[in-house]
Amino acid sequence: MRLDKFICKHSDLSHRDSRWAVASGRVCVNDAVIQDARMEIDRFVRVTLDGQILQECKAHYIMLHKPPGYLSATSDPQHPTVMELMPPALRNELHIGGRLDRASTGLLILTNDGLWSRRLTEPGKKLPKVYRVATAEPIAADAEARFAEGFYFSTENLTTSPAQLLRLGEREAKVTIYEGRYHQIKRMFARVGNRVVSLHRESMGEIALDDALVPGGFRALTEAEIASV
Ligand code: URA
């Protein structure tokens, strides 16, 4: 929303007086005087009129080292959820940018910025997500080629984007996918006659799980990590 319209909506001023208030330097956005009434205002900037706060909503971007056993959900009658690992004051605000299955571990991102998290998860953005996978059976000889070809999933009527499989051992691999379909990695391994026994997400785009975080630990993303998405 434009700054003048924002002032009009959030104060007693008419539209004309709002424009005048902006032009005369009575309005600050993130503590800087702004005299351009056309500036676009989103919900995460601090706006004041004559020093009175009209809006103050902080954006939160958090990386969590998800432990096994926690559901990627806001609430559940049966299982603990990742929200229970978040500070109580933020629990009602945050949503998850790219879920992990209950048994899966590793990088989980939580935020209250819906536009940003959409960029993180939209399949069209082709953001690489890297997983470390252990399997029940030896990984088939043609697995690299099959992952690169993509798999047709009839439920969604789509073919997965080419994925990379890097063999780390007979039953261990690093897999990079560019979308996040339901149980995608497990379903891909099922197609090559195997079963995933553990799944750990190492990174999403340029955001890598911080080695300093123990399972259940979390920290705020850095400015550079936020800007990388
Ligand atoms: N693919 C899966 O099968 N499970 C996850 O948790 C993430 C990707």
Side-chain angles (χ1 to χ4, degrees), residues 62-76 78-86 94-111 117-140 143-144 146-169 171-210 213-218 221 229:
I62 293 172
M63 95 161 46
L64 167 71
H65 184 164
K66 181 191 172 297
Y70 283 78
L71 271 185
S72 294
T74 43
S75 67
D76 188 81
Q78 233 187 326
H79 301 290
T81 73
V82 292
M83 285 303 167
E84 291 164 37
L85 301 168
M86 292 291 105
L94 297 173
H95 62 266
I96 298 159
R99 292 163 195 277
L100 283 173
D101 295 338
R102 185 157 64 94
S104 302
T105 58
L107 176 65
L108 194 75
I109 293 177
L110 299 106
T111 180
S117 65
R118 213 171 301 156
R119 293 204 294 276
L120 191 70
T121 54
E122 251 179 31
K125 299 283 179 206
K126 303 266 179 235
L127 198 83
K129 285 128 192 149
V130 180
Y131 294 84
R132 211 176 166 114
V133 187
T135 59
E137 309 299 333
I139 297 169
E144 286 92 338
R146 304 273 311 277
F147 275 51
E149 260 169 34
F151 295 99
Y152 177 69
F153 288 166
S154 58
T155 323
E156 295 96 331
N157 186 27
L158 59 83
T159 300
T160 55
S161 302
Q164 280 106 43
L165 182 144
L166 177 70
R167 224 170 267 265
L168 301 174
R171 292 177 163 94
E172 206 183 341
K174 198 174 266 209
V175 176
T176 305
I177 58 175
Y178 297 86
E179 62 230 305
R181 307 290 173 193
Y182 180 66
H183 290 335
Q184 182 166 343
I185 304 259
K186 289 180 183 157
R187 289 159 84 195
M188 292 196 304
F189 274 96
R191 291 296 184 85
V192 291
N194 215 326
R195 186 168 59 82
V196 169
V197 293
S198 80
L199 188 54
H200 180 83
R201 184 155 62 201
E202 295 185 338
S203 61
M204 297 175 83
E206 290 176 29
I207 306 176
L209 181 65
D210 192 328
L213 291 177
V214 295
F218 61 88
L221 294 188
V229 174

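In listed order, ligands and their atoms are each counted from 1.
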Number the atoms of ligand 1 from 1 as they appear, then name those within less than 4.0 Å of a heavy atom of [X], with their elements.
{"X": "His183", "result": "1 (N), 2 (C), 3 (O)"}
{"X": "Gln184", "result": "1 (N), 2 (C), 3 (O)"}
{"X": "Tyr131", "result": "7 (C), 8 (C)"}

Say whether, by atom type as modelled, one donor and one acceptor occur between the side chain of Asn194 and the main chain of Phe189 under 3.5 angstrom. no
Please say which of Thr111, Thr121, Leu110 ends up in a side-chain contact (heavy atoms from CB on, under 4.5 Å) with Ile96.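 Result for side-chain contact (heavy atoms from CB on, under 4.5 Å) with Ile96: Leu110.
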Any Lys/Arg nitrogen of Glu156 or Arg187 sitting under 4.0 Å from an Asp/Glu carboxylate oxygen of the other? yes
Return a yes/no value for [X]: is any of its N or O atoms, backbone included, closer than 3.5 angstrom to an N or O of ligand 1?
{"X": "Leu199", "result": "no"}
{"X": "Ser104", "result": "yes"}
{"X": "Arg181", "result": "no"}

Closest non-hydrogen contact found for Leu199 with Ile185 is CD1-CG2, 3.8 Å
How far apart are the C-alpha atoms of Ser161 and Lys126, what are their side-chain angles, what is the distance that settles it, and do they pass the side-chain hydrogen bond (donor to acceptor under 3.5 Å, both in side chains) test? CA-CA 9 Å; Ser161 302; Lys126 303 266 179 235; 2.8 Å; yes
Is Tyr182 in contact with ligand 1, taking contact as a heavy-atom separation below 4.0 Å?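 No, that is not the case, since the closest heavy atom of the residue is not under 4.0 Å from the ligand.
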Residue-level breakdown please: for Val196 versus ligand 1, do any non-hydrogen atoms fall below 4.0 Å on the side chain, on the backbone, on both, or on neither?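 Answer for Val196: neither.
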Closest protein heavy atom (residue, atom, distance) for atom 4 (N) of ligand 1: Asp101 OD2, 2.7 Å
Are Met86 and Leu64 side-chain neighbours, meaning at least one heavy-atom pair lies under 4.5 Å? yes
Exactly one of His200, Gln184, Lys174, Arg201 should register a side chain to side chain donor-acceptor pair (under 3.5 Å) with Tyr131. Which one does? Arg201
With respect to atom 8 (C) of ligand 1, which of Val175, Leu100, Thr105, Ile185 exhibits the smallest heavy-atom separation?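 Ranked by closest heavy atom to atom 8 (C) of ligand 1, first place is Ile185.
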